Amino acid sequence: MNEELDEIDGTLDSPVDFVYAGKVPGSLTALCVLTFIGSALILIKSFCMISLFVLATDATNTVAQSDIVQNPFRGMGLHYLVEIITCLISITGAILLLKLKKSGFLLYVFSAVIYCINVIWFFAISFKMGLSGWSVLIILLYVTAPIAFLIMYSTFKRYLH
């Protein structure tokens, strides 16, 4: 009996390295699928907005061949380009999370932070253009989703290796 207690005591004192080798949890799979869907929708929106800004820039350049007419969309194309890049990184992170890789979580964290900074930058540019308070609310909702997903993804860190 004492030998068994000594063995148990020895295992309790040693550091525990928990490595999960089972199936991917269903709720993690659901989060990854939602990440795919959300990123795909944002990608579609960004590609459409970039094409609109290209058309608006061409129209502005046609109307005024000089810099007298200022293009209010200058810098907005860069915002959507950064948005495309962050969505591609988050999709890559979600794929790695499905393989239970910790690097997937780190990629998702990186993309979410850059995405939130990008949205705040967009907010600053939009505010100069005189958008209403409802636009500000929508922009804040854009920041809420990545933060909520970060919190939910962080609950699965113990399964990642």
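These numbers come from a predicted model, not from an experiment.
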Under 3.5 Å, which donor-acceptor pairs link side chains of residues 138-145 to any protein atom two or more places apart or in another chain?
from, atom 1, to, atom 2, distance (Å)
T144, OG1, L140, O, 2.9

hydrophobic_cluster_shared for [Y] and [X], side chain cutoff 4.5 Å:
| X | Y | value |
| --- | --- | --- |
| I120 | I147 | no |
| I85 | L88 | yes |
| I44 | F122 | no |

**Study point:** Qualifying residues under ring pair (Phe, Tyr, Trp, His ring centres under 6.0 Å), relative to F156, sequence neighbours excluded
**Key:**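 F156 satisfies ring pair (Phe, Tyr, Trp, His ring centres under 6.0 Å) with no residue once adjacent residues are dropped.
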Practice item. Report the residues that fulfil ring pair (Phe, Tyr, Trp, His ring centres under 6.0 Å) with Y115, sequence neighbours left out, ordered by chain and then residue number. Key: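 Y115: no ring pair (Phe, Tyr, Trp, His ring centres under 6.0 Å) contacts found.
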Measure the shortest side-chain to side-chain distance between [X] and [Y] over non-hydrogen atoms and say whether it is less than 4.5 angstrom.
| X | Y | result |
| --- | --- | --- |
| I91 | L43 | yes |
| L100 | V24 | yes |
| I42 | I84 | no |

Check your understanding: S154: what forms a side-chain contact (heavy atoms from CB on, under 4.5 Å) with it, not counting sequence neighbours?
Key ->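 For S154, the residues satisfying side-chain contact (heavy atoms from CB on, under 4.5 Å) (neighbours in sequence not counted) are F105, K157.
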Exercise for review: Sorted by first residue and then second, give each salt bridge (charged side-chain N to carboxylate O under 4.0 Å, His left out) pair with at least one member in residues 77-106; sequence neighbours left out.
Suggested key: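 Every salt bridge (charged side-chain N to carboxylate O under 4.0 Å, His left out) pair that includes a residue of residues 77-106, provided the two are not neighbours, is K45-E83.
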Only distances under 3.5 Å count here; give the side-chain donor-acceptor pairs of residues 29-40 to other protein atoms, sequence neighbours excluded, each with its distance to 0.1 Å.
from, atom 1, to, atom 2, distance (Å)
T29, OG1, P25, O, 3.2
T35, OG1, L31, O, 2.9
T35, OG1, Y153, OH, 2.6
S39, OG, T35, O, 2.9
S39, OG, S90, OG, 3.0

Practice item. Drop me the distance from L107's CG to T92's OG1, to the nearest 0.5 angstrom. Key: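 OG1 of T92 is found 6.5 Å from CG of L107.
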Exercise for review: Calculate, to the nearest 0.5 Å, the distance between atoms CD1 and NE2 belonging to I50 and H79 respectively.
Suggested key: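 Rounded to the nearest 0.5 Å, the CD1-NE2 separation comes to 9.5 Å.
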Exercise for review: Please report the shortest heavy-atom distance between G104 and L96, naming the atom on each side.
Suggested key: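 Where G104 meets L96 most closely, the heavy atoms are CA-CB, 3.5 Å.
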Check your understanding: So Y108 and F149, side chain to side chain contact (heavy atoms under 4.5 Å, CB included) or not? Walk me through it.
Key -> CA-CA 9 Å; Y108 189 82; F149 271 68; 3.2 Å; yes
